[in-house]
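Being a predicted model, the structure only gives us computed values, none of them experimental. Reminder, nothing fancy here: chain letters follow the sequence lines and each chain counts from 1.
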Protein chains: 2
Amino acid sequence: MFKELDPLLHSQLRLSIMSLLISVKSATFNFLLEKTGATRGNISVQLKKLEEAGYLEIDKSFQDNYPLTTCRITPKGIDAFERYVDALRDYLGGAEKA
Amino acid sequence: MFKELDPLLHSQLRLSIMSLLISVKSATFNFLLEKTGATRGNISVQLKKLEEAGYLEIDKSFQDNYPLTTCRITPKGIDAFERYVDALRDYLGGAEKA
DNA sequence: TAAACTTGTTTATTATATAAACATAATTTT
DNA sequence: AAAATTATGTTTATATAATAAACAAGTTTA
């Protein structure tokens, strides 16, 4: 009846991050900070989880002497996101709008 | 950018329950048990939370000597569900399918 | 009447999301 | 040049939440 909802994506912040990365392909830590409005700590934790799952790649470098963390969604991440969206459809069916 | 996702609805089981009640208007405990595949304990807990929030009404009666719990979604519950679906749209935008 | 079944609740466990505190280094100020 | 402030993240602690295990109360069956 209802498909499983990938618990890694069924989280407001992680879903926000994935949603952003789906559209921009590459984003800095501060970009995610600004767009999501979450705390740095929270973002740091969730990025690590998404990376460990192989949903995104994280590159750490330096820019103007400051650390710069850059993220990219992976094919696996894109796939998981699409599956999640698809699974969610079952749950929203009742309220589907035109 | 991203709207808040009602934490009461952003839960796989509670969302399943609300989704079912949106379409059938009235359901027994066992109906929910069968359709969701969750445990009785879990369903009991989540029903109570949804009731406390005013998202649904629970009626307890007897049928053939056995307890019978029946649930109905309230207007407030319908409203919350629709808001949730609407908010979610922001998050899925990137993967919106035709 | 004892055993098994039905329907549900309460309690306990595990995981999770989140924020607070910390760390490191680079600037700016005085 | 020392002190304070800013920048960028990480680690740790806390509060919630989801879930399942254990329990309860009554009913039917053997």
Side-chain angles (χ1 to χ4, degrees), chain A residues 2-20 26-53 55-72 80 84 87-88 91, chain B residues 2-20 26-53 55-72 80 84 87-88 91:
Chain A
F2 294 105
K3 292 172 198 146
E4 261 318 279
L5 291 179
D6 183 344
L8 218 80
L9 293 183
H10 198 62
S11 139
Q12 179 159 345
L13 181 49
R14 285 197 300 269
L15 191 61
S16 301
I17 291 172
M18 292 291 283
S19 177
L20 288 168
S26 169
T28 65
F29 192 100
N30 278 339
F31 175 81
L32 297 175
L33 181 71
E34 184 191 336
K35 291 294 184 180
T36 64
T39 63
R40 289 174 189 279
N42 198 0
I43 291 175
S44 176
V45 170
Q46 307 310 335
L47 280 184
K48 191 181 295 182
K49 286 186 184 175
L50 289 170
E51 185 191 28
E52 279 165 5
Y55 287 5
L56 47 82
E57 282 170 350
I58 298 180
D59 179 71
K60 289 165 196 293
S61 60
F62 277 86
Q63 188 181 52
D64 299 334
N65 295 330
Y66 284 114
L68 179 69
T69 298
T70 309
C71 320
R72 258 178 311 293
Y84 175 79
L88 206 51
Y91 295 80
Chain B
F2 293 105
K3 292 173 196 145
E4 260 318 278
L5 292 179
D6 182 344
L8 218 79
L9 293 184
H10 198 61
S11 139
Q12 179 159 346
L13 181 50
R14 285 197 300 270
L15 192 61
S16 301
I17 291 171
M18 292 291 282
S19 177
L20 287 168
S26 170
T28 65
F29 193 98
N30 279 338
F31 176 82
L32 298 176
L33 180 70
E34 184 191 338
K35 290 293 185 184
T36 64
T39 63
R40 289 172 190 280
N42 198 1
I43 292 176
S44 176
V45 169
Q46 307 311 333
L47 281 183
K48 192 182 293 181
K49 286 187 185 174
L50 290 170
E51 184 189 30
E52 277 165 5
Y55 287 4
L56 48 82
E57 283 170 349
I58 297 179
D59 179 71
K60 288 165 199 292
S61 60
F62 277 85
Q63 189 181 49
D64 299 332
N65 294 331
Y66 283 114
L68 180 69
T69 299
T70 309
C71 320
R72 259 178 309 292
Y84 174 79
L88 206 51
Y91 295 80

Which one, C/dA26, D/dA17, D/dG9, comes nearest to the side chain of B/Lys49?
D/dA17

For a quick test of reading the model: is some side-chain N or O of A/Asn30 closer than 4.0 Å to OP1 or OP2 of D/dA7?
no

How many Å lie between NZ on B/Lys60 and C1' on C/dG8, as a whole number?
7 Å

Full working for side-chain contact (heavy atoms from CB on, under 4.5 Å) between B/Gln12 and A/Phe2
CA-CA 9 Å; B/Gln12 179 159 346; A/Phe2 294 105; 5.5 Å; no

B/Pro67 side-chain proximity, nearest of C/dT16, C/dG8, D/dT10
C/dG8

Regarding A/Ser44, tell me which of base, sugar-phosphate or nothing describes its non-hydrogen contacts under 4.0 Å with the strands shown.
base

How many whole angstroms separate atom CG of B/Leu50 from atom C1' of D/dA17?
13 Å

What are the two closest non-hydrogen atoms of B/Ile58 and B/Leu47, and how far apart are they?
CD1-O, 3.7 Å

Rounded to whole Å, CG of A/Leu33 lies from C1' of C/dT18 at a distance of 14 Å

Give a yes/no on whether any side-chain N or O of A/Arg14 is located under 4.0 angstrom from OP1 or OP2 of C/dA17.
yes

Select base, sugar-phosphate, or nothing to describe what A/Leu13 touches, counting heavy atoms under 4.0 Å on all strands.
sugar-phosphate

Quick one: pull up CD1 in B/Ile43 and CG in B/Asn30 and give me the separation to the nearest 0.5 Å.
8.5 Å

How many Å lie between NE2 on B/His10 and C1' on C/dT16, as a whole number?
12 Å

Describe the nucleic acid contact of A/Thr39 in one word from base, sugar-phosphate, nothing, applying a heavy-atom distance below 4.0 Å.
base

Whole angstrom value for the distance that separates C1' of D/dT8 from CZ of A/Phe31
17 Å

Could you work out which one of D/dT28, D/dA20, C/dA19 sits closest to the side chain of B/Asn65?
D/dT28

Ignoring the backbone of A/Phe29, work out which of D/dT10, D/dT27, D/dT11 is nearest its side chain.
D/dT10

May I ask you to decide if B/Leu15's main-chain N or O and B/Ser19's side chain share a donor-acceptor pair within less than 3.5 Å?
no

Checking contacts here: which listed nucleotide (D/dA20, C/dT7, C/dT18) is nearest the side-chain heavy atoms of B/Val45?
D/dA20

Do you know which two heavy atoms are closest between B/His10 and B/Tyr84, and how far apart they sit?
ND1-OH, 2.8 Å

Residue closer to the 5' end of DNA chain C, B/Gly41 versus A/Asp64 (nearest nucleotide):
B/Gly41

Which whole-number value in Å describes the distance from A/Leu68 CG to C/dA26 C1'?
15 Å

How would you label the contact of B/Thr69 with the nucleic acid (heavy atoms, under 4.0 Å): base, sugar-phosphate, or nothing?
sugar-phosphate

Measure the distance from CD on A/Gln46 to P on D/dT11 and round it to the nearest whole Å.
14 Å

In whole angstrom, give the distance that lies between atom CZ of B/Phe62 and atom C1' of D/dT28.
15 Å

